[in-house]
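All figures in this text were calculated on a predicted structure; none of them were measured in a lab. Heavy-atom basis, side chains included; hydrogens, waters and symmetry copies ignored.
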Amino acid sequence: MRAAPALLLVVCAAAGPARPGAAPPRVELGVASSLQKLRPGDPIPRERAVDLVAARGECEAAQIAVRSPAGLAALGASAAPLRGPHGAALAVSLLRVAYLSLPRSSGPDGAAGEWPDPLVPERDPFFGEPRRAFPVAVGPGRLQAIWVEVCVPEGAAAGDHTGAVRLVDGARRLADVPVRVHVWPFALPRTATFAAAFGLPTRVGTAALGRPGDHVLARALAAAALRHRITPYVLSADPPEGACTARACTLDWTRYDAEVAPVLDGTLVPGVRGAFAEVRIPGRVWDGPEPDLAATLRAWRAHFEARGWLDRLRLYVLDEPTPEQVPELARRARLAHLAGIRVFATTVPLPGLTGLVDDFAPNLALVDDGAPRPPHVTWSYASCLSHGCDELPAGGRERERMLREFSGWPGYEIDRPGTAARAVPLLGLRRGLAGELYYDMLHAWTGDPWSDVRAFAGNGDGTLLYPGLPAALGGSTPFPVSSIRLAIVRDALEDAELVALARAAGEGRLADRFLARLVPSARGWERRPEPWLRARRALGDAVARHAARAER
């Protein structure tokens, strides 16, 4: 970000009534990137203006940090559309950064205390209802962050778009923070090149939102993932109705298609096509006569082929198979191959699965950076191994072992740097993988993630959304609340698109240097935000120069 002299570090309230003889309240303001996690006691950032650069079809964000020694009774924020070339306009979304109290750290690299993560919108993007983001009371000396996000339409004019975010405390005007967004003259594809499939159990989600099984809320949950370039899988987990036997097949795909087609066809979030779908077969069919199971698998292939989805269908069963489960997985894989369905397994290649698995997805910590990639290792997945899946002992040899084995990995924990989350997809991209799988986005929703988001000894493990209930956040309809970590995952997937565009533009060496600089190895990823921002801008500028030459 580029510093601007238009805003001083300490400003005073500029308008509104004050007590006779009393000085206006002092307010400190600063701007940080979306990769910084601003905690309530952190120093105010030094930057004074929001300065972003984005491609068409890309979302970029920054944060405005506000603090007053005396506190603020009703901090509010507003922004008119940014003005660009030839009268063009870009909408600005403002969200309040909410904070969670984390009693324990996530493994060796985390830290207890208050951490930012939920992003409460002024207006939710699915139902369009006003929500209770602002005004908000800010206690004395506490930093409050405001998330400033711009999603650039595909038809946006290239060049600079400028405006400001106005901050107020009730009726008192505090400051106007300058905003500049430079739009590159090219667009990112809507559907991700590097696939990210994250589990999203909509039955858990709709129950937590107070409307079990509600199809509209289920679509809102799926849309929250797709808007971040993530393919939601699991969903209701319901197979098609009816049954298949070796003699006759009476599967009714009506309800299944109503749920899955908007994701795979790219109609739920226009143009964003899901990249992954798993075969759903009831346990009684797996355990039943093999000819009936084979007929069911053939029906799945036929239906997906007819709908144009076959390239995204996978047999994904027996997650992280134990040695005892390998023979059963091998049996299922053989039948899937006979039916013409690809097989996906979350494990390193195992002898009992040789020739039977098309896509191995080992944990990112189990892929050796220095060795050739084994055949059919095409995906990876992140898990609690990024922090250690058990609580860190207070002392002793077990603590020493965990510190040695689980320090330094990237991951999606709340109490880790933002770059830890951004490194995960790009590490897979640098390894030549096609995609990443993550087991859940709603793991803590069986309880209250606003008060307890811990799982497998990690804060936020498996939880990337929060339940937005009208009683707490306003509006009349419950909705999913996004998170800083989810926005960072989206940014990483957008980075992957920049890499693909750079390579297509003849800038392969620059793309390779980009990845080598930021994710040289699984534990050697760049921790500081600034190198990420500089490298991304250099890569995008190179693609922009190529796009400009192509238009001449």
Side-chain angles (χ1 to χ4, degrees), residues 1-18 23-34 36 38 44-54 59-84 87-98 116 119-125 128-139 142-152 156 160-183 473-474 487:
M1 293 184 184
R2 184 178 57 195
L7 185 66
L8 298 176
L9 174 64
V10 178
V11 299
C12 295
R26 293 172 59 248
V27 179
E28 300 172 273
L29 302 172
V31 172
S33 79
S34 58
Q36 292 174 259
L38 299 173
I44 291 292
R46 298 178 61 184
E47 299 293 339
R48 299 292 169 259
V50 174
D51 187 8
L52 301 173
V53 60
C59 295
E60 282 296 307
Q63 301 173 82
I64 299 173
V66 183
R67 171 183 284 130
S68 171
L72 299 168
L75 175 64
S78 61
L82 307 180
R83 293 301 172 188
L90 282 182
V92 178
S93 297
L94 300 176
L95 304 94
R96 171 170 53 85
V97 176
L119 296 175
V120 180
E122 285 187 303
R123 185 178 297 272
D124 81 82
E129 293 186 22
R131 303 299 181 172
R132 205 168 292 148
F134 305 104
V136 61
V138 182
R142 284 181 61 87
L143 181 152
Q144 174 63 53
I146 298 167
W147 194 264
V148 182
E149 185 169 87
V150 177
C151 292
V152 181
D160 289 346
H161 297 68
T162 59
V165 173
R166 174 159 294 182
L167 302 178
V168 299
D169 182 19
R172 296 194 303 268
R173 177 177 165 186
L174 299 178
D176 288 349
V177 180
V179 177
R180 171 184 174 267
V181 177
H182 180 78
V183 176
L473 297 181

Val148 vs Leu52 side-chain heavy atoms within contact, under 4.5 Å: no
Heavy-atom check, side chain of Pro178 versus side chain of Arg180, under 4.5 Å: no
4.5 Å side-chain heavy-atom contact, Val66 and Leu29: yes
Gln63 side chain vs Gln36 backbone, donor-acceptor pair below 3.5 Å: yes
Any side-chain heavy-atom pair of Ile146 and Leu75 under 4.5 Å: yes
Nearest heavy atoms of Leu38 and Pro116, plus distance in Å: O-CG, 3.5 Å
For the student: nearest non-hydrogen atoms of Gly30 and Ile44, plus distance: N-CG2, 3.5 Å
Side chains of Val50 and Val165 in contact at under 4.5 Å (non-hydrogen atoms): no
Counterpart residues, side-chain contact (heavy atoms from CB on, under 4.5 Å), relative to Ala487 (two or more places apart): Trp147, Arg490
Atom pair CZ/CZ of Arg96 and Arg132 - distance to nearest 0.5 Å: 9.5 Å
Expected output: side-chain Arg48 to main-chain Arg46 donor-acceptor under 3.5 Å: yes
Full working for salt bridge (Lys or Arg N to Asp or Glu O under 4.0 Å) between Arg131 and Glu129: CA-CA 6 Å; Arg131 303 299 181 172; Glu129 293 186 22; 3.7 Å; yes
Student check: side-chain heavy atoms of Val27 and Leu167 closer than 4.5 Å: no
Residues Val150, Glu60; criterion side chain to side chain contact (heavy atoms under 4.5 Å, CB included); working and verdict: CA-CA 6 Å; Val150 177; Glu60 282 296 307; 5.9 Å; no
Closest non-hydrogen atom pair, Ala54 against Val152: CB-CG2, 3.9 Å
Glu122 CD to Ser78 OG distance, which is reported to the nearest 0.5 Å: 7.5 Å
From CG (Leu72) to CZ (Arg172), nearest 0.5 Å: 7.5 Å
Minimum side-chain heavy-atom gap Val31-Asp51 below 4.5 Å: no
Side chains of Leu119 and Val97 in contact at under 4.5 Å (non-hydrogen atoms): yes
Gap separating the CG atom of Leu90 from the OG1 atom of Thr162, nearest 0.5 angstrom: 10.0 Å
Gap separating the OG atom of Ser68 from the CG atom of Asp169, nearest 0.5 angstrom: 7.5 Å
